[in-house]
Amino acid sequence: MPHYECISVETEDRVTTVTLNRPHKRNAMSPQLNDEMLDALTRLSTDAGTDVLVLTGAGDSFSAGMDLKEYFRETDHDQVLADKARWTMREWAYNRLRFFPRVTIAAVNGWCFGGAFMPLVSCDLAIAADEAQFGLSEVNWGILPGGLVTKDIALSMGYRDALYYALTGETFGGQRAREIGLVNSSVPAEELGEAVRELTAKLRKLNPEVLRSTKETFRHAATMSYEQATDYMAAKSAQLLTRDGEDGRQKGLTQFLDTKEIKPGLAPYRRTDSGS
Ligand code: COA
């Protein structure tokens, strides 16, 4: 990995943590940060050493959203710069992150405003600190939730909650984010690291190719007709059989039906290479 100035990337036990790292600006997303995120996610997309990706923020903030100075004001009078800034943001926070080939987890450690909902919702799973503060603050400075934020909240929050928070700009904490389904769970800030480790350990016991197919199918099938989804899911199932180097389906069937080592209703099959 190259040296980045606005983010950091660390891999341990096949879990790669990408940290938005501009704590003095509450990790607001500047064009440089967005360039670096696009570069890092592009490299990590084909990194054989990553089984799970965690996205978090340095200091007391996940991200204060788009950098109002560098992303908005400084590109206001240059259409080419503005277009490039928008394209890069959408490319990393939507295309690269949402369709990242491994499971992604947002660890929301603090402030999470506006544009930060894009990477938050693009992650497959999310754990918040109770103390985190979420807000659709766009209304507070005279814009609508742009980029893909409005679509993201329509997808990930209930109808009334999404409109309420978009129309009032009111902030809410981690527990409230869990109640409305924006995150999977919320824990006291000092337990966030451990909660993320527990979740990544659980995921590491599972076959990454199966997880990849599961999330890709979920993301695409949601917007298809039933006829298209039926055909697509059959094709994805066939693809998985040929892509899965560890032959998980066969192992699972054998360990349940023949050796009777597992009950798949209660636990995953034993993978030879994960220590499980
Ligand atoms: N864009 C650009 N700069 C930002 C920023 C953003 N979204 N969020 C914070 N900063 C900068 C501040 O301008 C300040 O810079 P300075 O030290 O050069 O003056 C620095 O980060 C620290 O911010 P500050 O407001 O002093 O921190 P705080 O801890 O008191 O408050 C927030 C934190 C997140 C509540 C507050 O910074 C804030 O409201 N930010 C904007 C959130 C927002 O609406 N984002 C846009 C969504 S579309």
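Since the model is a prediction, treat every value here as computed from it, not as a measurement. Both counts, for ligands and for their atoms, begin at 1 and track the order of listing.
Taking distance alone, with nitrogen or oxygen atoms compared against 3.5 Å, W141 stays at or beyond that limit from ligand 1. Between M66 and ligand 1, at least one pair of N/O atoms sits closer than 3.5 Å.
When the heavy-atom distances from atom 2 (C) of ligand 1 to D67, T171, D60 are ranked, the shortest goes to D67. Selection from R26, K69, Q133 by nearest heavy atom to atom 37 (O) of ligand 1 gives R26. When A64, P145, G110, G169 are ranked by how near their heavy atoms come to atom 8 (N) of ligand 1, first place goes to A64.
Under the side chain to side chain donor-acceptor pair (under 3.5 Å) test applied with T11, the options T17, D51, T16 reduce to a single match, T16. Of the candidates D39, D47, T46, R43 forms a side chain to side chain donor-acceptor pair (under 3.5 Å) with just one, namely D39.
In the vicinity of S137, heavy-atom distances shorter than 4.0 Å reach the ligand 1 atoms 43 (C), 44 (O), 45 (N), 46 (C), 47 (C). Close contacts of ligand 1 with A28, meaning ligand atoms under 4.0 Å from a residue heavy atom, involve 1 (N), 5 (C), 6 (C), 7 (N). Counting atoms of ligand 1 from 1 in the listed order, those under 4.0 Å from a heavy atom of E138 are 48 (S). Against a heavy-atom cut-off of under 4.0 Å, H24 is close to the following atoms of ligand 1: 20 (C), 21 (O), 22 (C). For ligand 1, the atoms lying closer than 4.0 Å to a non-hydrogen atom of L68 are 1 (N), 2 (C), 6 (C), 7 (N), 46 (C).
Side-chain atoms of S8 never come within 3.5 Å of backbone atoms of Y4 as a donor-acceptor pair (strictly under, hydrogens ignored). Side-chain N or O atoms of D258 include none that pairs as donor or acceptor with a backbone N or O of L253 at under 3.5 Å.
For atom 32 (C) of ligand 1, the nearest non-hydrogen atom of the protein is W111 CE2, 4.2 Å. The nearest heavy-atom contact from the protein to atom 38 (C) of ligand 1 is F113 CE1, 4.9 Å. From the protein, the heavy atom lying nearest to atom 19 (O) of ligand 1 is K25 NZ, 4.8 Å.
Residue E70 does not touch ligand 1, judged by heavy-atom distances below 4.0 Å.
Under the 4.0 Å distance rule, the nearest protein heavy atom to atom 30 (O) of ligand 1 falls outside the cut-off. Using a 4.0 Å threshold on non-hydrogen atoms, atom 25 (O) of ligand 1 does not count as touching the protein.
Look at Y71 and you'll find every heavy atom at least 4.0 Å from all atoms of ligand 1.
Looking only at atom types and distance, the side chain of Y269 has a donor-acceptor partner in the side chain of N207 under 3.5 Å away. A donor atom on one side chain and an acceptor atom on the other are not found under 3.5 Å apart for E179 and Q175.
Aromatic rings of W141 and F113 (six-membered ring for Trp) have centroids beyond the 6.0 Å cut-off, not under it.
Side-chain contact check for P119 versus W92: some heavy-atom pair is nearer than 4.5 Å.
Aromatic ring orientation, F134 versus F172: parallel (interplanar angle below 30°, classes split at 30° and 60°).
Cation-pi contact between R86 and Y71: present, with separation from the ring centre below 6.0 Å and deviation from the ring axis of at most 45°.
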